[in-house]
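The sequence lines fix the lettering, A, B, ..., with proteins before strands; numbering per chain opens at 1. Computation of the quantities below employed the complete heavy-atom set of this structure, encompassing side-chain atoms and omitting hydrogens, waters and symmetry-equivalent molecules.
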Amino acid sequence: MGKKAPKPIDLARKPRGFPDKREALIHAEQAMIERITGVYRRWGFEGLDTGAFEYTDALGKFLPDEDRPNAGVFALQDDDDQWMSLRYDLTAPLARFAAENWQTLAKPFRRYAAGPVWRNEKPGPGRFREFLQCDADSVGAAGSHADAEMIAMAAEAMRAAGAADGEFAIRVNTRQLLNAVLDGVGAASAEVRLTILRALDKLDKFGTSGVADLLGAGRMDESGDFTKGAGLDVDGVKRVLAFAEAGRETRSDTLEALGQAVGTSESAQTGLAELKAISRALEAFAAPEADVVFDPSVVRGLEYYTGPVFEAELLKETVDEDGRTVRIGSVGGGGRYDDLVARFTGQKVPATGFSVGISRLAAAFAISGEIRALNGPVVVLNLDREDPSEALRLASELRRAGLRAEAYMGSSGMRPQMKYADRRGAPAVVMVGEDELAKGVVTIKDLKEGARQAAAIESNQEYREARPGQFEAPRAELVARVRAIVEADQ
RNA sequence: GCCGCCUUAGCUCAGUUGGUUAGAGCGCUAGAAUGUGGAUCUAGAGGUCCCCUGUUCGAUUCAGGGAGGCGGUACCA
């Protein structure tokens, strides 16, 4: 009795979709944000941060008097019983800010923002309930050249985030053309129109036959679950598919193909004119042809987009450590939302914007093993358990010279201290014991070099005598010798 | 939400056709090694076999229910 540890009171567990992030991931995400906001700033956008919470009605949907105020968003009631929600994107808070400060802003108001957003949805690979977005928006900018600017800048942001030639594409479409097609097949009810749009959006996922099923009777997924379709007849399915698959290699070829697939209605003409204007502007921006494609199957969210819509897709295949291909797909998106600010001001304000999903992009890089562990600090071993002063002094000296260094703060002996340095990824270890103090030297061990040399050593005895990677240096040379190791290691 | 699969040591997983002491590899701790990380050898610690109820002389194993995880699908402003 009494030997076992007491039973824990609480389980250490974490809600799904709220990821813990270790150093390598934190650095990767922050570097990505810095590079992308760098692009936004260079294009003339200014920073604006807003708080995590907004009043629920300011976010537009999910009113607090509905049955489930928390569906989709995380909501709670303030002291005065008003419902507040954690922001689910950075665009809705921007619309609120722009409306509140409209009189004092230089128009168009061009701002960028980066930060966490929250969605109360089921998480999946690369999908979280708390994740980082990095946005740019122009509020008060009408005209296709403003949309084209977003698109060209999105491509540049993707490159800045680390996607190389051919590893991503910005896929562009416009709501006007989608409306033309819906009208063309006589889809009158909102329900059927929604179902058709959702089916279209899945072209890259399910292919032609899967989308044909969804446009017609319905589709069975691989677990046996059935999704009801839009109920179009054979001719209707054919016409929608002909439109969806009008995408061609080049933007001008796609425009030509679309001209035939989309008819002559007013919205068809408007949509084609939008894409043509975007195409012209993209050439002026010198956006590489392969970066931006026109793709009629792009739909995006159904709530607030009113004109051009676009999506940043990671084309590079992401393979996890078990060799399985993980589907990442869209890592960003945007479009024109001319009605969002009008909710607050009553007056129509044209706006267009773009958002990069930092967390998903970083997750994609992490899954395929591209995020490397960072070097740890130089560790100064503490060999005098009675008085650690010498170790503290040496570590301070290294820090003052700008090196990342720490004195060992635990209570273990030398072997565990070496092990600790190894597991921290320390480039070097500094040792000063009685011998060194007496001789006025420091012992420095280059851990990476040591491991390299030790790989060739067979016997224990030889290993013990070799002390690979280790050398003595005059105390005065401490900083210079350690710096040489650290710098060689980067 | 709906569908499928899964849950045994810190991790990855064997196994028990219902039976007495439930295993491996990795990791961890200690030692070989008298101030020295990785590799090597030796020893050791570590378990509510997810939870509840039922069937049974007996349940980690069977049945029902629940929870959690993974995947698909729906939704995704």
Side-chain angles (χ1 to χ4, degrees), chain A residues 3-5 7 11-16 59-62 68 71-73 85 87-93 95 117 119-125 127 129 131 133 194-195 198-199 201-202 205-206 210 214 218-228 299-305 321-322 324 326-327 329-330 333-335 337 340 355 357 376 379 381-385 412-429 431-436 443-470:
Chain A
K3 279 177 99 176
K4 282 225 161 186
K7 268 204 168 172
L11 288 173
R13 62 202 186 95
K14 184 178 68 62
R16 294 186 69 190
L59 292 181
K61 270 180 77 183
F62 304 109
R68 292 153 47 208
V73 300
S85 297
R87 63 186 184 201
Y88 55 75
D89 70 8
L90 298 174
T91 309
V117 302
R119 295 184 188 179
N120 195 3
E121 294 164 351
K122 183 183 148 186
R127 296 193 56 169
R129 292 203 283 179
F131 57 98
Q133 288 195 331
L194 274 181
T195 309
R198 285 171 183 154
D201 200 28
K202 301 203 165 53
K205 200 171 180 183
F206 297 152
L214 284 171
R219 176 179 180 274
M220 182 105 65
D221 77 24
E222 66 185 54
S223 72
D225 196 29
F226 185 74
T227 306
K228 194 168 173 291
V299 175
R300 293 298 297 165
L302 305 167
E303 283 306 319
Y304 59 52
Y305 291 120
E321 51 188 3
D322 298 329
R324 284 177 304 202
V326 179
R327 199 197 152 72
S330 169
Y337 50 97
L340 206 54
S355 173
V379 174
L381 302 195
N382 177 16
L383 300 181
D384 185 344
R385 313 272 276 282
S412 297
M414 181 158 179
R415 246 164 75 84
Q417 292 191 38
M418 287 298 293
K419 219 164 180 170
Y420 169 82
D422 187 45
R423 297 188 56 168
R424 287 296 306 277
V429 151
M431 295 169 258
V432 177
E434 288 176 18
D435 298 352
E436 286 86 354
T443 298
I444 298 167
K445 184 158 191 162
D446 180 337
L447 292 187
K448 311 260 156 109
E449 178 59 24
R452 224 169 287 133
Q453 289 182 18
I457 294 176
E458 299 286 323
S459 75
N460 277 333
Q461 196 187 351
E462 192 186 344
Y463 173 67
R464 297 209 63 204
E465 285 165 4
R467 296 278 150 87
Q470 186 170 323

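- Residue whose closest nucleotide on RNA chain B sits further toward the 5' end, between A:R16 and A:K205: A:R16.
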Contact string for nucleotides 30-37 of chain B, one letter per nucleotide 5' to 3', B = base within protein heavy-atom range under 4.0 Å, S = sugar-phosphate only, - = neither, reads ---B-BBB
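- When the P atom is used for both B:rC41 and B:rC51, the distance is 36 Å, rounded to whole Å.
- Residues passing the salt bridge (Lys or Arg N to Asp or Glu O under 4.0 Å) test with A:R16: none are found, sequence neighbours excluded.
- Nucleotides B:rG47 and B:rU8 place their P atoms 15 Å apart, quoted to the nearest Å.
- With hydrogens and angles ignored, the 3.5 Å screen pairs a side-chain donor or acceptor of A:Q417 with a backbone N or O of A:N382.
- With hydrogens and angles ignored, a donor-acceptor pair under 3.5 angstrom links the side chain of A:R127 to the base of B:rC76.
- Nucleotides B:rC49 and B:rA33 are separated by 39 Å at their C1' atoms, to the nearest Å.
- With rounding to the nearest 0.5 Å, the separation of CD in A:Q470 from CD in A:Q453 is 10.5 Å.
- Remark: A:K419 pairs with no residue by the salt bridge (Lys or Arg N to Asp or Glu O under 4.0 Å) rule, at least two apart or across chains.
- The line from CG of A:D201 to CG of A:L214 is 11.0 Å long, rounded to the nearest 0.5 Å.
- Atom name C1', nucleotides B:rA14 and B:rA9: the rounded distance is 13 Å, in whole Å.
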For nucleotides 1-5 of chain B, tabulate all protein N/O to nucleotide N/O atom pairs closer than 3.5 Å, reporting atom names and distance.
residue, atom, partner, partner atom, Å
B:rC2, O2', A:D225, OD1, 3.1
B:rC2, O2, A:D225, OD2, 2.9
B:rC3, O2', A:S223, O, 2.6
B:rC3, O2, A:S223, OG, 2.8

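- To the nearest angstrom, C1' of B:rC76 lies 12 Å from CG of A:N120.
- Rounding to the nearest 0.5 angstrom, the gap separating the CZ atom in A:R452 from the CG atom in A:L447 is 11.0 Å.
- The nearest whole Å value for the distance from the CG atom in A:L59 to the P atom in B:rC76 is 17 Å.
- In this structure, A:Y305 and A:Y337 have perpendicular ring planes: the angle between them is above 60°, well past the 30° mark.
- Between the P atoms of B:rG66 and B:rG10, the separation comes to 28 Å (whole Å).
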If pairs are Watson-Crick or G-U with both distances under 3.5 Å, what is the dot-bracket string of RNA chain B, marking crossing pairs with [ ] and pairs to another strand with |?
-> (((((((..((((.....[...)))).(((((.......))))).....(((((..]....))))))))))))....
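- Of all heavy-atom pairs spanning A:L90 and A:Q133, the tightest one is CD1-O, 3.6 Å.
- When all heavy atoms of A:D446 and A:K448 are compared, the closest pair comes out as OD1-N, 3.2 Å.
- Among the heavy atoms of the strands lying under 4.0 Å from A:F206 are primed sugar atoms or P, OP1, OP2 only; no base atom is included.
- A:R467 pairs by the salt bridge (Lys or Arg N to Asp or Glu O under 4.0 Å) definition with nothing, not counting sequence neighbours.
- Pairing each heavy atom of A:P123 with each of A:R129, the nearest pair is CG-CG, 4.0 Å.
- Atom CD in A:Q453 sits about 15 Å away from atom C1' in B:rA39, given to the nearest Å.
- Comparing the C1' positions of B:rC6 and B:rG46 gives an interatomic distance of 25 Å, to the nearest angstrom.
- With A:Y88 contributing its side chain and A:L59 its backbone, the two residues share a donor-acceptor pair below 3.5 Å.
- B:rA59 and B:rG15 have their P atoms separated by 23 Å, given to the nearest Å.
- The separation of B:rA45 from B:rC2, taken at their P atoms, amounts to 47 Å, rounded to a whole angstrom.
- Counting to the nearest Å, the C1' atom of B:rA74 and the CZ atom of A:R219 are 11 Å from each other.
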